[in-house]
Amino acid sequence: MTRKRIQIKKIDNISSRQVTFSKRRKGLFKKAQELSTLCDADIALIVFSATSKLFDYASSSMQQVIERLDRHSAMHRSDRSYMELQIENDSNDILRKKVEDKSHELRQLNGEDLQGLTLQELQKIEEHLKRGLSNVSKLKDEKVMQEISALKRKGVELMEENQRLKKVPSLIPLHRQSSESIISNSSNLPEDGGSDTSLKLGLP
């Protein structure tokens, strides 16, 4: 009769859970001891139960195994740091080489460091400069045409504004005409203020 296979999940019954923990813990420690004996492996096991009770096993010394683990972790961190530093240095070397190459190429485009170049290399630089000059000239022409178009639009706007101002009636002539009318009317008044106070004596 075969044993019933236990489903791997948390056992709800507390008593069954404790019994299973005790049996499997002993079996785990037994397997660890067998592995250490058969394969000359240095093994340490630490188990805390659900009630925080400690169970441990060490093939030699728990303290020695823990110290060995710490040394291994430190070496691993050092190796990782060294690898990261090496990768960073390699990246910096690649970037530095690219900067040097671009700087040398720029000096050659400026007519410097041309000694030792072959005819083909000089022709290549010349073609590169011609293409660059063509692109610059094309962009310059586009900028000039844009500025001309902007000036034309500005001229049209100014002409339209001038025409609009011509259609607005001027206030200055009206003001001048009103002033002249007042002066003319005042000149027609008598000099003594406009009232005749003289007495006419004699027979009619």
Side-chain angles (χ1 to χ4, degrees), residues 1-110 112-113 116-117 120-121 124-125 127-136 138-143 145-147 149-150 153:
M1 184 177 179
T2 59
R3 296 177 57 184
K4 185 178 179 180
R5 191 176 184 86
I6 299 176
Q7 187 177 2
I8 303 301
K9 67 175 186 178
K10 182 179 179 181
I11 301 174
D12 295 329
N13 186 277
I14 298 177
S15 299
S16 299
R17 189 191 310 162
Q18 291 177 347
V19 171
T20 302
F21 174 78
S22 179
K23 290 181 178 180
R24 299 225 171 191
R25 173 181 55 80
K26 291 179 181 178
L28 178 62
F29 285 4
K30 183 178 180 181
K31 290 294 183 181
Q33 183 180 9
E34 293 175 356
L35 180 62
S36 174
T37 302
L38 293 173
C39 302
D40 194 22
D42 202 3
I43 299 175
L45 291 177
I46 299 176
V47 179
F48 284 96
S49 67
T51 58
S52 299
K53 187 175 181 181
L54 173 64
F55 299 91
D56 60 0
Y57 166 80
S59 57
S60 56
S61 169
M62 180 64 70
Q63 184 65 30
Q64 291 178 359
V65 175
I66 292 176
E67 291 177 355
R68 185 176 178 181
L69 174 64
D70 292 339
R71 289 194 301 270
H72 179 77
S73 299
M75 290 176 60
H76 182 70
R77 287 194 298 269
S78 299
D79 292 341
R80 183 179 181 84
S81 300
Y82 175 77
M83 290 178 61
E84 292 175 352
L85 182 61
Q86 187 65 34
I87 293 173
E88 184 178 355
N89 290 335
D90 293 341
S91 300
N92 291 336
D93 292 339
I94 294 173
L95 291 175
R96 189 180 300 108
K97 184 66 168 57
K98 287 183 178 180
V99 170
E100 291 177 355
D101 292 342
K102 292 298 180 182
S103 299
H104 183 66
E105 182 179 351
L106 181 61
R107 289 195 300 271
Q108 288 181 340
L109 292 176
N110 289 330
E112 303 173 0
D113 296 343
L117 295 180
Q120 289 78 9
E121 291 173 340
K124 184 177 180 180
I125 294 175
E127 293 175 358
H128 187 77
L129 289 173
K130 287 180 179 179
R131 288 195 302 268
L133 180 60
S134 175
N135 293 333
V136 171
K138 183 179 178 181
L139 182 59
K140 184 194 70 174
D141 293 340
E142 291 177 357
K143 293 292 184 181
M145 294 303 297
Q146 291 176 0
E147 292 183 2
S149 299
R153 289 195 300 269

Check against side chain to side chain contact (heavy atoms under 4.5 Å, CB included), S15 and V19:
CA-CA 6 Å; S15 299; V19 171; 5.6 Å; no
Applying side chain to side chain contact (heavy atoms under 4.5 Å, CB included) to V65 and L69, what does each step give before you reach the verdict?
CA-CA 6 Å; V65 175; L69 174 64; 5.6 Å; no
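When atom types are taken as modelled, the side chain of S36 and the backbone of A41 share a donor-acceptor pair closer than 3.5 angstrom. Side-chain atoms of R17 come within 3.5 Å of backbone N or O of I11 as a donor-acceptor pair.
Between L45 and M62, the closest heavy-atom pair is O-CE, 3.5 Å. Annotation for I43 and A32: closest pair CD1-O, 3.3 Å, computed over non-hydrogen atoms.
The number of heavy atoms from other shown groups lying within 6.0 Å of CZ (R107) is above 12. Around the CD1 atom of I14, the shell of radius 6.0 Å holds no more than 12 heavy atoms that belong to other residues, nucleotides or ligands. At most 12 non-hydrogen atoms from other residues, nucleotides or ligands lie less than 6.0 angstrom from CG of D40.
Listed by chain and number, the residues in a salt bridge (Lys or Arg N to Asp or Glu O under 4.0 Å) with D141 amount to none (sequence neighbours excluded). Every residue was checked against the salt bridge (Lys or Arg N to Asp or Glu O under 4.0 Å) condition with K143, not counting sequence neighbours, and none meets it. R153 meets the salt bridge (Lys or Arg N to Asp or Glu O under 4.0 Å) test with no other residue; sequence neighbours excluded. Partners of K9 under the salt bridge (Lys or Arg N to Asp or Glu O under 4.0 Å) rule, at least two apart in sequence or in another chain, do not exist in this structure.
Sorted by first and then second residue, the side-chain hydrogen bond (donor to acceptor under 3.5 Å, both in side chains) pairs involving residues 21-34 (not counting sequence neighbours) form an empty list. The ring-ring contact (aromatic ring centres under 6.0 Å, His included) contacts involving residues 19-68 comprise F21-F55, where partners must be two or more places apart or lie in separate chains.
The distance from the CZ atom of R68 to the OG atom of S61 is 12.5 Å, given to the nearest 0.5 Å. How far CG of L129 is from CD1 of I125: 7.5 Å, rounded to the nearest 0.5 Å.
Looking at K138 and E142, their side chains come closer than 4.5 Å, going by heavy atoms from C-beta outward.
One finds a salt bridge joining D101 and K97 here, because a Lys/Arg side-chain nitrogen approaches an Asp/Glu carboxylate oxygen to under 4.0 Å.
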